[in-house]
Amino acid sequence: MSRVLVVGSVAFDSVETPFGQVEEALGGSALYFSNSASHFAGVDLVAVVGEDFPEEPIEKLKAKGVDTSGLYRAEGETFRWKGKYGYDLDDPDTLDTQLNVFGDFSPDLPDDYRDSEFVFLANIAPELQMEVLDQVDDPKFVALDTMNFWIDSKRDELVEALERVDMLVINESEARQLADDANIVQAADTIREMGPQMLAIKRGEYGALVFTPEGKFFAPAYPLEEVYDPTGAGDTFAGGLIGYLAGRGEVSETRIRQASVIGGVMASFCVEEFSLGGLDGLTDEMIARRFEKFERLVDFKTIDTLEE
Ligand code: AMP
């Protein structure tokens, strides 16, 4: 079983949805990813927190098999993000982003991270994503996530980073923005010309469209009765997807399809509670049961045998 190396944000999030709000709750792309991926593979986390970040969540990560020797503590304040969602719980409005300790973070990776085979460059500044990649000798699979904030402010750096990755994990609206094309299939073609041969386009409550070297695959999202907070769903999806691939140690068409569904399963838990609440206390058995629900959701071959 391979491990997966992740670099991304560890944050305090203030989030408002029509169903409630939280102030300075735990969040950040790398934290959601690590919590999700740790169910399938060991995780090596590279990020930075400020002096104001508590020890307890770090201890919890360690207990889940996350190596935190690449999680640095710097002078200053932890990254903060503030967002607000409308009724459709689609793309949030970012009200505030404070990079704080990420502003001049330049990690020196622990030596034993250099031979990482699976790497996830979670949503963070593209220069930082590249700096981490520079320190990995010969990765087998590199995936990258990004967002409108970086497409707007660091487009050139992002395009440079994309040349070096195998898969881009991105929201539908951001794929359109990056490719400057309203049609998602054409946008995917344009993005593939930039570098990544695989794409996972996240479509919120409508699942994800995954472009593989052999074609397209639709990974559903589960129609849940209660959705409170979509923050982190994308990173949790990526954690399931890449964690599963690392756990299996291979990147075949079959594995990518299975991994994409696992990503959807993990994201479905994330959105049921605010912050990391939906991923806390999650057991492998709960994951397996939700996976079966996904299978039934899209099983049209044996429909006659399904009970009501
Ligand atoms: P997601 O909902 O999966 O797209 O990601 C939400 C997470 O991304 C939140 O926990 C934020 O802390 C984090 N985030 C928001 N903006 C940024 C940014 N510009 N760079 C890195 N992480 C961010």
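Heads up: numbering here begins at 1 and tracks the sequence. Whatever order the structure lists them in is the order used to number ligands and atoms, beginning at 1. Atom set for the values below is all heavy atoms of this structure, side chains included, hydrogens, waters and symmetry mates excluded.
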Step by step, work out the salt bridge (charged side-chain N to carboxylate O under 4.0 Å, His left out) result for Lys202 and Asp145. CA-CA 11 Å; Lys202 298 170 284 177; Asp145 189 359; 3.4 Å; yes
Going by the angle between their ring planes, with limits at 30° and 60°, are Tyr72 and Phe105 parallel, tilted or perpendicular?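 Ring orientation of Tyr72 relative to Phe105: tilted.
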State whether the shortest distance between N or O atoms of [X] and N or O atoms of ligand 1 falls below 3.5 angstrom.
X: Met147; value: no
X: Tyr32; value: no
X: Ile124; value: no

Tell me yes or no: between the side chains of Asn171 and Ser173, is some donor less than 3.5 Å from an acceptor?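 Side chains of Asn171 and Ser173: no pair found under 3.5 Å.
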Compute the centroid of each ring, for Phe53 and then for Phe12, and state whether the two points are separated by less than 6.0 Å.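 Yes, the ring centres sit under 6.0 Å apart.
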For [X], the ligand 1 atoms whose distance to one of its heavy atoms is below 4.0 Å:
X: Gly234; answer: 3 (O)
X: Phe149; answer: 19 (N)
X: Gly27; answer: 10 (O)
X: Ser9; answer: 13 (C), 21 (C), 22 (N), 23 (C)
X: Trp150; answer: 18 (C), 19 (N), 20 (N)

Which residue holds the protein heavy atom closest to atom 4 (O) of ligand 1, what is that atom called, and what is the gap in Å?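 Going atom by atom, the protein heavy atom closest to atom 4 (O) of ligand 1 ends up being Asp235 OD2, 4.3 Å.
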Minimum heavy-atom distance Met198-Ile256, with the two atoms named: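 Looking at all heavy atoms of both residues, the closest pair is SD-CD1, 3.4 Å.
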SB check Glu292 Arg289 (cutoff 4.0 Å):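 Salt bridge absent between Glu292 and Arg289.
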Heavy-atom gap Phe79 to ligand 1 smaller than 4.0 Å: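 Yes, Phe79 has heavy atoms under 4.0 Å from ligand 1.
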